[in-house]
Amino acid sequence: MELRRVFAKVGTTKAFAAVGRALVRVDEKLLRVTRGRFGVGSPIGLRTLLLTTTGRRSGQPRQVPLLYVEHDGAYVVIGSNWGGEQHPAWSANLLATPAATAAIRGRTIPVTAQLLTGAERQTTWDAVAAYWPAYNTYATRAPHREIRVFRLDPA
């Protein structure tokens, strides 16, 4: 079995969700230092970007590492929050201010976020879940909310 698939199975566990939250800080530092070239998931083929949003309350830049999938010429990110009860803060920041930047593979590019809905959301969700199947598990843990799916279009 491919290494990424093994980690995807591990990624569905609640223990991973707890550890994953701690890994976010490590991932953020790695991505910042390498300008988006290398993250925690890089050795197993996971694509990670460092998203910089504008804090909706503070107005200050906020950075978060996120898995992404390239789909139809854009970068897609999922606000799963590991199936937690709340939407992640970065997703609320994008709703308030869709203009952001993404550090990807050594380049920082301006992007504009669009929250996907309806059939477009479902088609995109299917593509992303094929890449990281754990997203389906996160969705079952958060039945009280629809997990946000964002398309990040290069500006």
Side-chain angles (χ1 to χ4, degrees), residues 11-12 14 16-42 46-155:
T12 64
K14 288 186 179 186
F16 179 80
V19 172
R21 286 180 170 87
L23 286 176
V24 168
R25 285 186 172 45
V26 173
D27 208 18
E28 181 180 350
K29 288 181 188 344
L30 274 172
L31 288 163
R32 192 177 298 154
V33 167
T34 65
R35 292 183 42 225
R37 284 189 184 100
F38 186 84
V40 170
S42 296
L46 293 179
R47 298 178 205 129
T48 311
L49 59 79
L50 185 61
L51 182 69
T52 303
T53 62
T54 301
R56 69 186 185 288
R57 292 184 187 147
S58 70
Q60 297 299 308
R62 301 288 181 226
Q63 290 189 318
V64 62
L66 299 170
L67 291 181
Y68 75 93
V69 171
E70 292 184 49
H71 185 70
D72 290 340
Y75 307 103
V76 176
V77 293
I78 306 290
S80 69
N81 212 13
W82 289 281
E85 291 192 23
Q86 306 271 334
H87 290 290
W90 64 264
S91 72
N93 292 345
L94 285 179
L95 291 175
T97 306
T101 62
I104 305 170
R105 296 187 297 263
R107 293 184 16 218
T108 300
I109 58 171
V111 294
T112 303
Q114 175 189 359
L115 178 65
L116 301 182
T117 59
E120 184 178 21
R121 180 196 179 279
Q122 188 60 53
T123 300
T124 304
W125 178 274
D126 292 343
V128 174
Y131 175 73
W132 187 246
Y135 283 129
N136 289 322
T137 300
Y138 304 154
T140 61
R141 285 189 201 144
H144 56 283
R145 67 179 178 96
E146 183 174 74
I147 291 177
R148 293 174 178 160
V149 177
F150 286 92
R151 176 184 170 100
L152 304 176
D153 290 298

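Predicted model only: the values in this text are computed from it and were never measured. The chain is numbered in sequence order, starting from 1.
- Residues Tyr135 and Leu67 have side chains in contact (heavy-atom distance under 4.5 Å, counting atoms from C-beta outward).
- Rounding to the nearest 0.5 Å places OG1 of Thr52 at 11.0 Å from CZ of Arg62.
- Heavy-atom minimum distance, Gly83 versus Ala142: O-CB, 3.8 Å.
- The list of ring-ring contact (aromatic ring centres under 6.0 Å, His included) pairs with a residue in residues 98-126, not counting sequence neighbours, is empty.
- Contact annotation: the side chain of Val77 approaches that of Trp90 to within less than 4.5 Å [non-hydrogen atoms, C-beta and beyond].
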Which atom pairs, one a donor and one an acceptor, fall under 3.5 Å between side chains of residues 145-155 and the rest of the protein, sequence neighbours left out?
from, atom 1, to, atom 2, distance (Å)
Arg145, NE, Gly84, O, 3.0
Arg145, NH1, Gly79, O, 3.3
Arg145, NH1, His87, ND1, 3.0
Arg145, NH2, Ser80, O, 2.6
Arg145, NH2, Gly84, O, 3.2
Arg145, NH2, Gln86, O, 3.4
Arg148, NH1, Ser91, OG, 2.9
Arg151, NE, Asp153, OD1, 2.8
Arg151, NE, Asp153, OD2, 3.2
Arg151, NH2, Asp72, O, 3.0
Arg151, NH2, Asp153, OD1, 3.1

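- In this structure, Arg47 CZ and Leu66 CG are separated by 14.5 Å, a value rounded to the nearest 0.5 Å.
- Remark: Thr140 engages no residue in a side chain to side chain donor-acceptor pair (under 3.5 Å) (not counting sequence neighbours).
- Evaluation of the salt bridge (charged side-chain N to carboxylate O under 4.0 Å, His left out) test over residues 73-87, restricted to residues two or more places apart or in two chains, returns none.
- Sequence neighbours left out, not one pair with a member in residues 93-102 passes salt bridge (charged side-chain N to carboxylate O under 4.0 Å, His left out).
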Donor-acceptor pairs under 3.5 Å, side chain of residues 98-115 to any protein atom, not counting sequence neighbours: which ones?
from, atom 1, to, atom 2, distance (Å)
Arg105, NH1, Tyr68, OH, 2.8
Arg105, NH1, Glu70, OE2, 3.0
Arg105, NH2, Glu70, OE2, 3.4

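- Here the side chains of Leu94 and Leu51 are in contact, with some heavy-atom distance below 4.5 Å.
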